[in-house]
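In what follows, a structure is listed as structure tokens, so that the remarks can point back to it.
Computed from heavy atoms alone, side chains included, the values below leave out hydrogens, waters and symmetry copies. Chain A is the first sequence line, chain B the second, and so forth, proteins listed ahead of strands; every chain is numbered from 1.
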Amino acid sequence: MVEIFFNSILYIFLFFSLYLEVFFLITFFEEVETIKAEKNRSKKISYYPSTTIIVPCWNEEKTVSGTVESLLALDYPKDKLNIIIVDDGSTDHTWQVIQKFRTNPQVSLIKKENGGKHTAVNLGIQESTAELVGCLDADSFVERDALLEIAHAFNEDPVMMAATPMLVVHEPKTIFQKMQRTEYHASAFLKRILSPLDAIYVTPGPFSIFRRTVFDKIGLYKKAHNTEDMEFALRMQKHHLRIRNVYTAHVHTSTPNTFYKLYRQRLRWAYGSIKNTLDYRFMIFKREYGILGTIALPLSLFGIFVLLYNFGFVMFHAGRTIFTKITEISIMGVASLVPHFNTFYLNTDFMVLIAYVLLGIGLFIVWNGAKLAEGRFRPTMGIFYFFALYGIVAPLWFARAIINVVFSRTTSWR
Amino acid sequence: MRPKIETKKYVFAFIITSFVFLGALIVSNIFSERRLSEIKNIENKISLDILSSETQFALLKESSCKAIDHSTAFSEELGSLASKLSYMEDALGAENVDVISLKKYYSLLQIKDYLLIAQIKEKCGTKPITIIYFYSNKGDCEDCKKEGYVLTKLREEYPELRIYSFDYNLDLSALKTMKSIQEVQNRLPALVIWDEPYYGFKSAEDIEKIIPQLKRLRTEREKAEAAKAATSTKETADN
């Protein structure tokens, strides 16, 4: 009876997971032509809106130069682009490193006491008078045409109030970075799909660009559980301000190279995601907020529980199988490990077949996400690491995030 | 303006998902049906083999016992059937009607084989080594799985050994009679060797102590293998 109960819950979760994947696939096929048109559109634009890019930094002495240099190399009129570097009370040599840009007329330098990323960005926004204002984390680098693509999108859609770029993992080296590369591909697909549905709920730190009027209408960034980029996007959605993903604007971002660093980053994201979604829970299941309210936000909140449940279910059965296998080996010897191929024993259980379908759609998403993010798909070990590892490591930070939310423990930036 | 929610799209996605779910269910059932049918075919074949052996025995009981061919391969066939049946029991559940029906048939075949072997033993003076094993998969027998592995290992090592495994809780009158004749109590796992019941987990070494013939069989086999190896080495040297 107990097993039937737990199996039934899993069936319901599998059904909803599949439903969402199907829903996103339908949207993708609806969007195929638009995606092609966006890719092939002319690079020339008639109007260059004045733009300020804020680079908030706290102890970024190693990467900040590369970030600023990539901004200075942008294919955009120099008199229309200015960069504000805000040193948020760094304790390393960041301030000394950025002095080399002091003489550049496009660059302004500001030093302030440490107050958190949102305070640094807010100071930059207040200093800016440009039509478009954006931010670029000091561990990210833009491609030359990134701003041009975004300006093009703003020109084409006067109602669009914010643009998010396509994030690409910068030079992945470790297993965890390679895993994240594929994860970012899947995320690229999802963001592109959520864009026309007006359901984007994060304007990521690396190179999200806003019309200045957005800040006049809804105010500046808040601390927002150290995930100010999610809170700001949700505030925009609350005011029905349009956020679009410009997938042709590529931004390369550095990702955590060790498990512990990844765990700390994701714990902050997961905790912030839960807390912000709870803060904006009034939007959940409200038709007024469209797909965001009916699908994206419920997925962001309840998806964690589904992931943890599936993880628990798989771990329980895997543990049982391993225990049985150990008993078998202890009695029958290692020879019992040699597989005897017999089609009779091929697992064609209902749940396994559904898992194959989910995996197939997952691969399709990664394949198309890679094409969106990098122009083409290449089979890499990252795909294997993603499918083999992500389901094991992600529940760790999600579980901890839930514990932190329940016991009101805040997460830190580093 | 935010795009309106397209109810059609939600419904369309729901229909596709339902179709995929239904499709997976149908495909899974088709495979299960095929497996059950395969087991049924094996059981029918074994049934035919037993009938053939019985008939052969009836025809020849007055003459040579050597002509009766009820080989060890037959025992292996029963072993493979048991493993397939056990797989289906895990996949479809012990309460599945088809699984129970196939298990009953399998149990009957084992009893028939056991009787035939007993008859051959009486008439021809052979000394077959048989183990009757009673288990339960209701969750009340922790050692049954372990005992199953031990017996599988022994069956692989000694093809001459005939092992008959029965679900103690199977509702089958012939099996009830068997339990009553062997006076097996509900203390599982239970083994019946030389008409003597043994309760609790028994390792391969324990069983080899109870059946010393097994060690002799091993020694004989090792000798035969050594002789064969020596002959082949000699032939190679001669060539």
* **B:Val184/B:Ile132 under side chain to side chain contact (heavy atoms under 4.5 Å, CB included): CA gap, chis, key distance, verdict** => CA-CA 10 Å; B:Val184 180; B:Ile132 303 170; over 6 Å; no
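- Here B:Lys84 is the residue among B:Glu38, B:Glu6, B:Lys145, B:Lys84 with the most heavy-atom pairs under 4.5 Å with chain A.
- If you measure heavy-atom distances from A:Thr27 to chain B, the contacts under 4.5 Å come from both the backbone and the side chain.
- Residue A:Phe28 forms a ring pair (Phe, Tyr, Trp, His ring centres under 6.0 Å) with just one option from A:Phe23, A:Phe189, A:Trp367, and that option is A:Phe189.
- A:Glu21 does not touch chain B: none of its heavy atoms, backbone or side chain, sits under 4.5 Å away.
- Under a cutoff of 6.0 Å and an axis angle of 45°, B:Lys179 and B:Tyr168 form a cation-pi pair.
- When heavy atoms are compared at a cutoff of 4.5 Å, A:Tyr289 approaches chain B by way of both its backbone and its side chain.
- Classification of A:Glu231 and A:Arg235 as a salt-bridged pair holds, one side-chain N sitting under 4.0 Å from a carboxylate O.
- Heavy atoms of B:Phe21 lying under 4.5 Å from chain A belong to its backbone as well as its side chain.
- Using a 4.5 Å cut-off between heavy atoms, A:Leu20 does not touch chain B at all.
- Contact of B:Ser203 with chain A is not made at all, since no heavy-atom distance falls under 4.5 Å.
- For chain A, no part of B:Ser32 is nearby; none of its heavy atoms comes within less than 4.5 Å.
- Only the side chain of A:Ile295 comes within contact range of chain B, judged by heavy atoms closer than 4.5 Å.
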